[in-house]
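In what follows, a single structure is set out as structure tokens and then discussed.
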Amino acid sequence: GSARVEVLPEEVFEWGCLMVDQSAGAIANAQMNERMEQLATTDGLTGLKNHRCFQEEFDGMFHRSERYGRNLSLLLIDLDYFKSINDTYGHPVGDKVLKSVANVLQDSARRTDLVARYGGEEFGIVMEETDGKGAFRIAERIRKVVEAQLFPCEGGNFRCTLSLGVASLDSEIKTKASLIVAADQALYTAKNTGRNKTVLFS
């Protein structure tokens, strides 16, 4: 006898397809939402947290340190002469430098540290349970690693350096805003006294 061919009734087949479509849609939706969330919190170029996300998480860290009386330090980091890197070697090379510095920051930080692209060529790191001396040590390590890196480009290799400002909560610096101002002042001092250095606010 000839082999029997099972024919699925049309509506059953369609219903099966519909179910598959819906679950595929749900998965795509979940992936899209996750991506949107990621875009909302992540800097596209460096993969670090973006400024908005940084401020939100910083708030949480600040409240914890206030509540439990723990140390909290802030590092503000600026690439030296970044405009001239872009002007001399072009933006694609400038982007590579930013990515590379972001990687160094990520590698140097601990899992509990908050690392973000603060804006332009500025980065920020918030460190819980770390005093000024500890944060200064980590900042210096970051500075030396970046200073030692050679960036390739067509006209030969070039180096890039960082200026870093460090501040910690203490009897004078009690608010999140004053911590940012202090780190910013320290960074300003680093930039105005020769760059490629770390200054601890005192």
Side-chain angles (χ1 to χ4, degrees), residues 32-66 70-87 91-130 132 135-136 138-139 141-143 145-146 160-169 173-192 195-201:
M32 191 182 77
N33 288 340
E34 197 179 314
R35 182 83 187 107
M36 294 293 283
E37 181 61 29
Q38 198 187 1
L39 288 172
T41 58
T42 308
D43 168 59
L45 177 69
T46 61
L48 298 178
K49 299 275 167 65
N50 63 21
H51 190 270
R52 200 201 71 188
C53 183
F54 177 74
Q55 291 297 352
E56 285 172 8
E57 290 194 21
F58 189 176
D59 280 341
M61 292 165 94
F62 175 76
H63 292 311
R64 273 201 298 277
S65 75
E66 208 178 24
R70 289 180 188 153
N71 283 321
L72 189 74
S73 293
L74 171 64
L75 265 64
L76 287 181
I77 302 149
D78 204 51
L79 269 77
D80 295 329
Y81 305 111
F82 187 67
K83 192 185 175 307
S84 69
I85 289 174
N86 272 337
D87 292 348
H91 284 273
V93 173
D95 285 353
K96 280 203 183 102
V97 173
L98 286 171
K99 277 186 190 165
S100 174
V101 168
N103 288 338
V104 172
L105 300 184
Q106 197 78 71
D107 291 345
S108 307
R110 299 158 310 180
R111 216 168 35 83
T112 51
D113 295 336
L114 169 63
V115 185
R117 186 173 178 192
Y118 204 68
E121 64 271 25
E122 258 201 292
F123 297 90
I125 304 180
V126 185
M127 300 179 162
E128 287 186 298
E129 304 201 24
T130 308
F136 181 85
I138 295 167
R141 196 165 69 224
I142 289 167
R143 187 186 64 75
V145 170
V146 171
C160 171
T161 60
L162 302 178
S163 296
L164 304 94
V166 181
S168 294
L169 292 178
I173 304 167
K174 290 189 164 89
T175 64
K176 179 188 165 193
S178 61
L179 184 60
I180 293 172
V181 167
D184 212 43
Q185 279 184 356
L187 174 61
Y188 184 77
T189 304
K191 289 195 95 64
N192 281 358
R195 292 183 166 87
N196 188 21
K197 63 163 67 171
T198 305
V199 170
L200 175 61
F201 181 84

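For the single chain, residues carry numbers from 1 onward in sequence order.
Between L179 and V126, the closest side-chain pair of non-hydrogen atoms is not below 4.5 Å. Counting only heavy atoms from C-beta outward, the side chains of L187 and E122 approach each other to under 4.5 Å. Looking at C53 and N50, their side chains come closer than 4.5 Å, going by heavy atoms from C-beta outward. For the pair F82/L98, a side-chain contact is recorded, criterion being any heavy-atom separation below 4.5 Å from C-beta on.
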Worked verdict on L75 versus I142 for side-chain contact (heavy atoms from CB on, under 4.5 Å): CA-CA 11 Å; L75 265 64; I142 289 167; 4.3 Å; yes

Test side-chain contact (heavy atoms from CB on, under 4.5 Å) applied to Q55 and I180, step by step: CA-CA 11 Å; Q55 291 297 352; I180 293 172; 4.3 Å; yes

side-chain contact (heavy atoms from CB on, under 4.5 Å) assessment of S100 paired with K96: CA-CA 6 Å; S100 174; K96 280 203 183 102; over 6 Å; no

From CA spacing to verdict: side-chain contact (heavy atoms from CB on, under 4.5 Å), E129, T112: CA-CA 10 Å; E129 304 201 24; T112 51; over 6 Å; no

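The OG1 atom of T175 lies 6.0 Å from the CZ atom of F62; values are rounded to the nearest 0.5 Å. With rounding to the nearest 0.5 Å, the separation of NE2 in H51 from CG in D43 is 12.0 Å. Rounding to the nearest 0.5 Å gives a distance of 13.0 Å between CZ of R70 and CG of L169. The distance from the CG atom of D78 to the CZ atom of R195 is 8.0 Å, given to the nearest 0.5 Å. Atom CD1 of I77 sits about 8.5 Å away from atom OG1 of T198, to the nearest 0.5 Å. We find the CG-CZ distance between L76 and F123 to be 12.0 Å, quoted to the nearest 0.5 Å.
With hydrogens and angles ignored, the 3.5 Å screen pairs a side-chain donor or acceptor of S73 with a backbone N or O of T130. Although no hydrogens or angles enter the test, the distance criterion places no donor-acceptor pair under 3.5 Å between the side chain of R117 and the main chain of G44. For the pair D113 (side chain) and R110 (backbone), a donor-acceptor distance under 3.5 Å is present. For S108 (side chain) and V104 (main-chain N/O), a donor-acceptor pair under 3.5 Å exists by modelled atom type.
Shortest non-hydrogen contact noted between K176 and F58 is CE-CD1, 3.5 Å. Closest heavy-atom contact between V115 and A109: CG2-CB, 3.6 Å. Closest approach of L79 and K191 over heavy atoms only: O-NZ, 3.8 Å. Shown here for A102 and T46, the closest heavy-atom pair between the two residues is CB-CB, 3.6 Å. The two residues L74 and A183 make their nearest non-hydrogen contact at CD2-CB, 3.8 Å. Shortest non-hydrogen contact noted between F201 and Q185 is CE1-OE1, 3.1 Å.
With hydrogens and angles left out, the side-chain atoms of N196 and R143 include a donor and acceptor closer than 3.5 Å. The closest side-chain donor-acceptor pair between S163 and D80 falls under 3.5 angstrom.
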